[in-house]
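Some notes on the structure that comes next.
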Amino acid sequence: MTSEWAWTGRIDGTDPEQLRWHQVVTPYRPGGDPGACVFVGFASDEGVRRNKGRQGAADGPHALRRALSPMALPAPLHAFDAGTITVTDRRLEEGQRCLGTTVSALLDAGAFPVVFGGGHEVAYGSYLGLANSVAASRGVAAPSTAPSRSKPTVGILNLDAHFDLRADRVPSSGTPFRQILEADDTVRYAVIGISQPSNTAALFDTAHRFGVRYLLDDDCDPALVAAFVDEFLAGIDLLHLTIDLDVLPAAVAPGVSAPAAYGVALAIIQSVCDRVTASGKLALVDIAELNPVFDIDHRTARTAARLVHRLVTRHLA
């Protein structure tokens, strides 16, 4: 776990109405403020390398922190940074287990974890954290003394141009959701933004076999997306939201491992974030595939930061 501090920026003052993110984020210590947001970095593009994508996503966590730092807060809040888990020497699986342990501890402490990837292999590590947490056994996305009568249903909503259901023997950024569904058949998985030209017929067949719900990028108008999200939320108790930035058009998000020729409009993606936050079921968020090497004018980092800003400020409100 590394902890290079990236939270710096302009200071207009220290009054509540003058605060920016870099002024409120402090290093995480166990036993802190229950219910607060805790950022965790996952510096990995080993999964992207294995999936034959363009590398550079390991620098995503630092770039995302830098982009979020100067954004102005609508109201004071508490947020923490638990550092970055770095995958070295191609030991992806070890890094995913470490991320899972970290996320579990945060959830069990009542925190709201937001994980900055890294390639989309981050999603499997995030899932391990939720699956092995006390929250996943009692069915609440916040501290509670009233346990559920039965094990809650976990849903994963992926905003992505790809299913990431590959059958490769070696785990990669293209396999996380197949790994999850093969390990736990109670998890419900849905995807918004699937690009037909970016997914083979075999992957569509796999999605149908696993009962995956999805919306094609062509079908992502506001009404259809809202109905899709509401129906999915109605059938689950806890939500893991995972955002692969390649769901956005390449003009908005050029700095990703696989830029989208078409993509889903930012306004639609933001509306999904608003809807899942309002549901009260959101337990965990991860952001994947930010690749600063190819990020023109830091567009992708700033867009990702805007989504994180929106999610966290509304969730904590």
Side-chain angles (χ1 to χ4, degrees), residues 1-8 19-44 60-62 64-66 68-69 73 75-88 91 93-118 121-148 151-152 154 237-242 277 280-288 308-309 311-317:
M1 178 87 73
T2 58
S3 56
E4 180 184 358
W5 199 251
W7 300 99
T8 59
L19 296 177
R20 300 174 187 271
W21 274 102
H22 70 89
Q23 293 173 272
V24 302
V25 177
T26 57
Y28 177 72
R29 298 288 183 270
D33 184 4
C37 170
V38 180
F39 299 114
V40 181
F42 186 68
S44 169
H62 184 76
L64 186 40
R65 288 180 173 106
R66 290 291 299 271
L68 183 60
S69 287
L73 290 165
L77 56 78
H78 291 128
F80 301 92
D81 192 325
T84 296
I85 295 159
T86 301
V87 172
T88 58
R91 297 199 298 263
E93 293 81 358
E94 180 182 321
Q96 289 171 319
R97 289 191 295 271
C98 183
L99 176 59
T101 299
T102 300
V103 168
S104 286
L106 292 174
L107 288 169
D108 292 344
F112 174 49
V114 178
V115 184
F116 295 165
E121 62 266 29
V122 67
Y124 185 68
S126 297
Y127 157 77
L128 291 176
L130 180 56
N132 294 313
S133 68
V134 172
S137 64
R138 70 187 180 200
V140 291
S144 171
T145 57
S148 300
K151 183 179 178 182
V154 172
D237 302 301
L238 290 175
L239 179 67
H240 169 188
L241 176 65
T242 180
T277 302
K281 297 181 178 183
L282 183 61
L284 161 70
V285 177
D286 59 53
I287 313 289
V308 171
H309 173 86
L311 281 160
V312 176
T313 55
R314 293 196 169 208
H315 181 85
L316 296 184

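What you see is a predicted model; the values in this text were computed from it and never measured.
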Pairwise side-chain contact, [X] with [Y], heavy-atom cut-off 4.5 Å (strictly under):
{"X": "Phe116", "Y": "Val122", "result": "no"}
{"X": "Asp33", "Y": "Phe80", "result": "yes"}
{"X": "Asp108", "Y": "Ser133", "result": "yes"}
{"X": "Glu121", "Y": "Ser44", "result": "yes"}
{"X": "Val24", "Y": "Leu73", "result": "yes"}
{"X": "Val103", "Y": "Asn132", "result": "no"}
{"X": "Asp81", "Y": "Arg65", "result": "yes"}

- [ ] Could you walk me through whether Val115 and Leu284 pass side-chain contact (heavy atoms from CB on, under 4.5 Å), step by step?
- [x] CA-CA 8 Å; Val115 184; Leu284 161 70; 4.2 Å; yes
- [ ] Could you check whether the rings of Trp7 and Trp21 sit parallel, tilted or perpendicular, using 30° and 60° as the cut-offs?
- [x]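 If you compare the ring of Trp7 with that of Trp21, the planes turn out tilted.
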If you take all heavy atoms of [X] and [Y], which pair is closest and at what distance?
{"X": "Asp237", "Y": "Pro152", "value": "OD2-CA, 3.2 Å"}
{"X": "Ala109", "Y": "Tyr28", "value": "CB-OH, 3.9 Å"}
{"X": "Ala82", "Y": "Val40", "value": "CB-CG2, 4.0 Å"}

Find the distance between [atom1] ([X]) and [atom2] ([Y]) and round it off to the nearest 0.5 Å.
{"X": "Leu316", "Y": "His78", "atom1": "CG", "atom2": "NE2", "value": "10.5 Å"}
{"X": "Arg66", "Y": "His62", "atom1": "CZ", "atom2": "NE2", "value": "5.0 Å"}
{"X": "Asp286", "Y": "Ser126", "atom1": "CG", "atom2": "OG", "value": "3.5 Å"}
{"X": "Cys98", "Y": "Leu128", "atom1": "SG", "atom2": "CG", "value": "11.5 Å"}
{"X": "Leu68", "Y": "Phe39", "atom1": "CG", "atom2": "CZ", "value": "5.0 Å"}
{"X": "Gln96", "Y": "Arg91", "atom1": "CD", "atom2": "CZ", "value": "13.5 Å"}

TODO: Verify side-chain contact (heavy atoms from CB on, under 4.5 Å) between Leu99 and Tyr124, making sure each step is shown before the conclusion.
DONE: CA-CA 9 Å; Leu99 176 59; Tyr124 185 68; over 6 Å; no
Task: Side-chain donor or acceptor of Ser69 paired with backbone N/O of Ala6 under 3.5 Å - done: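 Here the side-chain-to-backbone pair exists.
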TODO: For Ile287 and Val308, run side-chain contact (heavy atoms from CB on, under 4.5 Å): C-alpha distance rounded to whole Å, both residues' side-chain angles, the deciding distance at 0.1 Å, then the answer.
DONE: CA-CA 8 Å; Ile287 313 289; Val308 171; 4.0 Å; yes
Open item on the list: Run Arg314 and Leu282 through side-chain contact (heavy atoms from CB on, under 4.5 Å) and show every step you take.
Closed with: CA-CA 11 Å; Arg314 293 196 169 208; Leu282 183 61; over 6 Å; no
